[in-house]
Amino acid sequence: MENTLTPTAATTAARPNKLVELLLADRHSVPLSIALHLVPGALIVAAYLFIAEPFVQAIGYPIFLAWAVALVIVLAPVLFGLLWLGRRRNGRYSLRGVVGYRDKPIPRGKVTAMIAGLIVWMTVVSLALVPLDNFVYDTFFTWVPFEGAGGSATTYLDGYSHSLLVVTMLVCLPLTGFTLPLIEEFYFRGFLLPRIAHLRWGAPVLNTVLFSVYHFWAPWTVLSKLVFLFPGIWLVWRKHDIRLSIGMHPGSALLMATVGTIAIVFNLI
C-alpha cells in the first residue's frame with residue numbers, strides 16, 4: 001500500500017518515537033544525562049521568578065510557599081512525563097519499564113533497617129552541616145537575589161505572622177514533605193540512575209553531583225548535599241533497590257517537615 005503520509009507528516013509522526021526511544025534506551029549518554037538532570041532545576045528557578053514569586057508576594061504569604069509552587073509546576077509534569085513514557089511502552093499509564101530498581105531484591109526487614117539508618121544519617125548530617133551551608137553562602141553567594149536566601153531553611157519563613165506561617169507549613173507539608181521528594185526519587189534515582197549504570201561506580205557519583213547542583217535555588221548547599229545524599233544513592237545503585245532512597249529522602253523530608261510544622265504551630269521556634 002502506498003504511504004499516504006506526506007514527508008512532513010511522516011517526519012512529525014516519527015519524532016515522538018525517536019524521542020521515546022532515546023529516553024527509554026537502556027543507556028543514556030553522559031551529555032544527555034547531564035541535561036536531563038539539570039534542566040528541571042533551571043525550569044524550577046524560572047517558574048519561581050516568573051510565576052510563583054509574584055503570585056505569593058501578591059497574596060502576602062511567606063516566600064517558602066513560592067518555592068513549593070515552583071516545584072509543583074515543574075515536577076508534576078515530570079511525573080506525568082514518566083507515566084506518558086510508560087504508556088508508550090506498556091499501552092497504559094504506568095512506571096513499569098520506565099522507573100528502574102523496583103524489583104525489591106532486599107528482604108523487607110533488612111530494607112527497613114537500612115532505611116532507618118539512612119534517615120538518621122541524612123537528618124543528623126544535614127542539620128550538622130548547616131554551619132557549612134551558612135559559611136558557603138556568606139563567602140560566595142550573598143549576591144543571590146532570591147528573597148530569604150541563606151544557609152538555613154528558616155530564612156524563607158522569617159518576618160511573617162504566626163497565622164500565615166501555620167497555613168504555609170500545613171499547605172507545604174504534604175508537598176515538600178513527601179510528594180515532591182518522591183517524584184524526585186522516581187525521576188533521578190529510578191529513571192536517570194539506571195540509565196548511567198554502565199559508568200559503574202561513576203554512576204552514583206555523577207547522579208549525586210548532578211542532583212546536588214540541580215538545586216540551583218540553593219547552590220550554597222551543594223557540598224553538604226554531596227555528603228548526606230551519597231550513601232543512599234550509592235546503596236540504590238549497588239543494591240538495585242529504589243526503596244532505599246525513597247525511604248531516606250522523602251522519609252527524612254517528612255520527618256523534618258512534620259517536626260518543623262509542629263514547632264511553628266505551637267510557637268516553639
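These numbers were taken from a predicted model, which means no experiment stands behind them.
- Side chains of W67 and Y48 form a contact here, defined as non-hydrogen atoms less than 4.5 Å apart.
- Atom CD1 of residue I59 and atom CZ of residue F55 lie 4.0 Å apart, to the nearest 0.5 angstrom.
- For the residue pair S224 / D133, a side-chain donor-acceptor distance below 3.5 Å is found, with atom types taken as modelled.
- Within the 4.5 Å cutoff, side-chain heavy atoms of N267 are placed close to those of H162.
- A donor-acceptor contact shorter than 3.5 Å links the side chain of R89 to the backbone of G97.
- For the atom pair CG of L85 and OH of Y93, the computed distance is 11.0 Å after rounding to the nearest 0.5 Å.
- Within the 6.0 Å centre-distance limit, the rings of H28 and F191 are counted as a close aromatic pair.
- The shortest side-chain heavy-atom distance between Y160 and L65 does not fall under the 4.5 Å cut-off.
- Hydrophobic cluster membership differs between L235 and V120, with clusters built from Ile, Leu, Val, Met, Phe, Trp and Tyr side chains linked at under 4.5 angstrom.
- Using a 4.5 Å heavy-atom threshold, the side chains of P62 and L164 count as touching.
- Side-chain contact between S94 and L83 is absent, with no heavy-atom pair separated by less than 4.5 Å.
- Between the side chain of S33 and the main chain of S29, no donor-acceptor pair closer than 3.5 Å is present.
- Remark: side-chain polar atoms of S245 are not paired, donor with acceptor, to backbone N or O of I233 under 3.5 angstrom.
- Atom CG in L23 sits 14.0 Å away from atom NZ in K18 (nearest 0.5 Å).
- Between F186 and V78, every side-chain heavy-atom pair lies at or beyond the 4.5 Å cut-off.
- L180 and M256 fall into different hydrophobic clusters, defined by Ile, Leu, Val, Met, Phe, Trp and Tyr side-chain heavy atoms under 4.5 Å apart, directly or through other members.
- Aromatic rings of W220 and F135 (six-membered ring for Trp) have centroids beyond the 6.0 Å cut-off, not under it.
- Judged by the 6.0 Å distance and 45° axis criteria, R189 is positioned over the aromatic ring of F211.
- With no hydrogens or angles considered, no side-chain donor-acceptor pair links H198 and D26 at under 3.5 Å.
- In this structure, CG in L157 is found 13.5 Å from OH in Y61, a value given to the nearest 0.5 Å.
- Environment of CZ in F140: sparse, with no more than 12 heavy atoms of neighbouring residues, nucleotides or ligands closer than 6.0 Å.
- Formation of a donor-acceptor pair under 3.5 Å by the W121 side chain with backbone atoms of F228 is found in this model.
- The side-chain heavy atoms of V30 and I196, taken from C-beta on, include no pair separated by under 4.5 Å.
- Listed for the S252 side chain is a donor-acceptor partner under 3.5 Å among the backbone atoms of H249.
- Aromatic ring pairs are classed by plane angle as parallel below 30°, tilted from 30° to 60° and perpendicular above 60°; the pair F188 and H37 is tilted.
- Taking the centre of each ring, Y101 and H240 come in below the 6.0 Å mark.
- Scanning both residues, I115 and R243, for their nearest heavy atoms gives CD1-O, 3.4 Å.
- When atom types are taken as modelled, the side chain of N90 and the backbone of G86 share a donor-acceptor pair closer than 3.5 angstrom.
- The pair K239-D241 fails the salt-bridge criterion, with no side-chain N (NZ, NE, NH1 or NH2) lying under 4.0 Å from an Asp/Glu carboxylate O.
- Here the straight-line distance linking atom CE of M122 with atom CZ of F230 works out to 15.0 Å at 0.5 Å rounding.
- Within the model, atoms CG of L95 and CD1 of I242 stand 9.0 Å from one another, a figure rounded to the nearest 0.5 Å.
- Remark: side-chain polar atoms of T176 are not paired, donor with acceptor, to backbone N or O of L173 under 3.5 angstrom.
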